Amino acid sequence: MEPDHVAGEGSPAATDLLRFAAVGSVDDGKSTLIGRLLHDTKQLTTDQIDALSAASRRRGSQGVDLSFVTDGLKAEREQGITIDVAYRYAATPRRKFVIADTPGHVQYTRNMATGASTADLVVVVVDVTAGLREQTRRHCCIAALLGVRHMVVAANKMDLAGWDRGAYDKVAGAMEELAARLGIETPVVIPVSALLGDNVAEHSASAPWYDGPSVLEALEHAPAGAWAVQGDGGARLPVQWVVRSDDGTRQYAGMVSGGVLRVGDDVVALPSGARSRVARIATFDGPLEEATPSLSVTVELEDDVDVGRGELIAPVGDAPEPTTEVLATLCWFSPEPVRAGKRYRVKHTTRVVPARVTAVEARLDVGTLALEAADELGDNDIGVTVLSLGSPIAADPYRVNRVTGSFVVIDEGTNATVAAGMVGPPVLAASPSTR
Amino acid sequence: MTNQIKILVFPDPHDLMTTFALDNRPAEQGLRTRPDHLSLLEAHAIFVLREVAAECERPVLLFSGGKDSAVLLRLAEKAFRPGRFPFPVMHVDTGHNFSEVIDFRDRRVAELGEQLVVASVQRSIDEGRVPDPGPGASRNRLQSVTLLDAIAEHRFDACIGGARRDEDKARAKERVLSFRDSFGQWDPRNQRPELWHLYHGTVRPGEHLRAFPLSDWTELDVWQYVRREGIELPDIYYAHERPVVPRDGMLLAVSEWVAPRPGEATEDAVVRFRTVGDATCTGAVRSSARTIDEVIAEVAASTVSERGATRADDKFSETAMEDRKREGYF
């Protein structure tokens, strides 16, 4: 038995959860890497392997095409590309994993952002024979903007590069520089062949000059729970639903973020400004003295105040200021460009408000990471805009709270989600213009 | 850190310095109070249920009597008690049922004091909405028509279901809130982006959503949650003896609709069901797991997937689930 590699979902120890997304450019090998990782850690069942073999044979592949593990749509298998995120689940005795395999094509950047928006960490896959491409940089940039602070780099296709250390060093140097500029922790860069399995779950003899971890080891030891990290600031409870009990008591239901909410806390509901105190924190399983971030609870207030869905309950003295004007970073996902004057709807926490873009301030050049003057944002652009809202929202900067600092922009006619919004300007490490 | 952190100077460097410093806290700080994975899955599912209830005008919760939808009912209690469910519960009934499951369905809904809607595939056949596939043939695919008819009749704008992404490679691609056009079709090439936990549920008349609060749960998570919560399930989920007939690599329970064909032999086997569906295409697995702990041990050690072990209808083609989902299946 290989104790670290066998499927161990039943292991009582495996309650720690890491969510990660595989990102990077088209054809650099993201799906093959995830397929290889799942295969070599024995996460695939025999019927799944049989189905993969049959599908691979049908399309003329020798052996099993591991990219089919996540490329499950007909169109994806026909074209050999990933169109949308696939979620897979794995467990080793050390921890559980939720894996998002994201598409590399620029036209599907919105799907990559979908997968990365809930990730603790990204695995950046780079083809060493091609080096960093614009799409690699775009994905890393979006991941950094979304708040991902840890990356694992798979320097892939080392077998095609003859396990040349120079090819590896070039990618490692470029990724370390990019990570530093994005404000991401210095990444571990692993020479791998996803196709052959070198350094994925098993250490490879092909690169005797490399003594770092395999991809699996890096994932098993990376810090988890980045999503719940923001636990020492002010508590935030966006009201989702008002539960009325038979005696007419009103309880405000929602998920806590940002900090711990306690019975007895003096709180304010925003944007209305109604003040009260937390009388009770209730759950179906009984009352709590305090609610920690990521828990769904209901809260009863001491006073009979008028609070409904869309209000934010926060501690008095550590509450965001409601505003109708927001400077925000947008990742734009629509072929229809955004220009000043256009009307949309914005969904922020549990509140949907009319919105107008009053100014496009700048566009981020993902190559240089510099902000350039711009007056519109096109499909897959990242930029800075000012939004004017038809009703105030109580927002925090995204870097302080990912829940109260994020929003989506919705097209009024089609209801399509056209942008991911983060309150505040893009926060990255140094850009060339400021060095 | 040895590198001097510099911030993009736009538009106010002082603000940015402050916010960046906040973001630079060691990751371990938040871990002390981090709930375990079942609690995180539960909290997220409750969040999804409340969002759907609030954003949609006429949601419905699909309840088959199976383990996943039994978990959904418990999560709905957690989301909405002491109030009532803000939606009815609906069973799409193929007519090919295990009687234990129907008993369980009716008892469970009565205990909850909630409203049950039954959408009947037999009625769809009787009314000529779908061709009768014949006695003993699977009615699994026909459920899509019955479901879409019920959605139109009751003007439901969201169906909450217990499907999980680990069940199938097409499900693995689906959003938590999954859009359906006015024909009930899923377009896997053009799904709405779904950022963070911002689920937006607005649809135009005739369109609807499917909501999957258990998207990120695995089969094992469901069983561990059933144990933690003490959730009652139909007895057929636990090992018992019954006559079965081996067919298509599966063990089908002998019943009103399934009889041995010429050349097939019935045997009395100790089995349990890993999934509950149309009795003509849902296979049993040989098992000695009579208690929940034994089931959990069995699921954890299984080398065959849940659907691979139990669903004949997924074996016909490579993309059977995707094809059914495009037509409006669960």
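Proteins come first, then strands; the chains are lettered A, B, ... in the order of their sequence lines, and each starts at number 1. Bear in mind the structure is a predicted one, so any value in this text is a computation, not a measurement. All values below come from the heavy atoms of this structure, side chains included, with hydrogens, waters and symmetry mates left out.
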Chain B contact via A:Val85 - side chain, backbone, both or neither, heavy atoms under 4.5 Å: both
Which portion of A:Asp285 sits near chain B, non-hydrogen atoms under 4.5 angstrom: side chain
Among A:Arg345, A:Arg77, A:Gln251, A:His348, who wins on heavy-atom pairs under 4.5 Å with chain B? A:Arg77
What option among A:Gly424, A:Ala113, A:Ser296, A:Gly72 has the most heavy-atom pairs under 4.5 Å with chain B? A:Ser296
Cut-off 4.5 Å, heavy atoms of chain B, and the answer for A:Thr349 is backbone
Among B:Glu194, B:Arg84, B:Arg192, B:His200, residue most engaged with chain A (heavy-atom pairs, under 4.5 Å): B:His200
Taking atom CD as the centre, does B:Glu57 end up with more than 12 heavy-atom neighbours from other residues, nucleotides or ligands that are less than 6.0 angstrom away? no
Can you tell which part of A:Leu73 gets under 4.5 Å to a heavy atom of chain B, answering side chain, backbone, both or neither? both
Without swapping roles, check the side chain of B:Arg165 against the backbone of B:Glu174 for a donor-acceptor pair under 3.5 Å. yes
Is A:Thr46 in contact with chain B via its backbone, its side chain, both, or neither, using a 4.5 Å heavy-atom distance? both
Select, from A:Thr298, A:Val297, A:Leu44, A:Val98, the one with the greatest count of heavy-atom pairs under 4.5 Å involving chain B. A:Val297
pair A:Tyr398-A:Thr404: side-chain heavy atoms closer than 4.5 Å: no
Evaluate the ring planes of B:Tyr225 and B:Trp217, with Trp represented by its six-membered ring, and classify them as parallel (under 30°), tilted (30 to 60°) or perpendicular (over 60°). perpendicular
What part of A:Val352 lies closer than 4.5 angstrom to a heavy atom of chain B: side chain, backbone, both or neither? side chain
Tell me whether the guanidinium CZ or amine NZ of A:Arg110 lies under 6.0 angstrom from the six-membered ring centre of A:Phe333 and within 45° of its axis. no
Heaviest contributor of heavy-atom pairs below 4.5 Å to chain A, chosen from B:Asp323, B:Ile46, B:Val304, is B:Val304
Just so I understand: if I count every heavy-atom pair under 4.5 Å between each of A:Thr350, A:Asn111, A:Ile410 and chain B, which residue has the most? A:Ile410
So, are A:Arg19 and B:Asp216 salt-bridged, with charged N and O less than 4.0 Å apart? yes
So which part of B:Arg326 gets closer than 4.5 Å to some heavy atom of chain A, the side chain, the backbone, both or neither? neither
Presence of salt bridge, B:Arg164 and B:Asp166, under 4.0 angstrom: yes
Return the option, out of B:Arg171, B:Arg175, B:Glu207, with the maximum number of heavy-atom pairs under 4.5 Å with chain A. B:Arg175
Check whether A:Thr82 gets within reach of chain B through its side chain, its backbone, both or neither, counting any heavy atom under 4.5 Å. side chain
Could you check whether any side-chain N or O of A:Ser117 sits under 3.5 Å from a backbone N or O of B:Leu195, counting only pairs where one atom can act as donor and the other as acceptor? no
Salt-bridge criterion met for B:Asp168 and B:Lys173 (N-O under 4.0 Å): no
Who wins among A:Arg309, A:Arg58, A:Gln48 for the most heavy-atom pairs under 4.5 Å with chain B? A:Arg309
Ion pair present between A:Glu78 and A:Lys74, side-chain N to carboxylate O less than 4.0 angstrom? no
Select, from A:Ala420, A:Ala100, A:Ala51, the one with the greatest count of heavy-atom pairs under 4.5 Å involving chain B. A:Ala420
Residue B:Ala79 versus chain A: region with a heavy atom under 4.5 Å: backbone
Against chain A, work out which of B:Glu229, B:Glu77, B:Lys169, B:Glu51 has the most heavy-atom pairs shorter than 4.5 Å and name it. B:Glu51
Can you see which heavy atom on A:Phe407 is nearest to which on A:Met422, and at what distance? CE2-N, 4.1 Å
Need one label for B:Val203: side chain, backbone, both or neither, based on atoms under 4.5 Å from any heavy atom in chain A. backbone
With a 4.5 angstrom heavy-atom cut-off, is it the side chain or the backbone of A:Thr249 that approaches chain B, or both, or neither? neither
May I ask you to name which of B:Glu42, B:His44, B:Lys78 has the most heavy-atom pairs under 4.5 Å with chain A? B:Lys78
Does NZ or CZ of B:Arg81 come closer than 6.0 Å to the centre of the six-membered ring of A:Phe284, within 45° of the ring's axis? no
Less than 6.0 Å separating the ring centroids of A:Trp241 and B:Phe80? yes
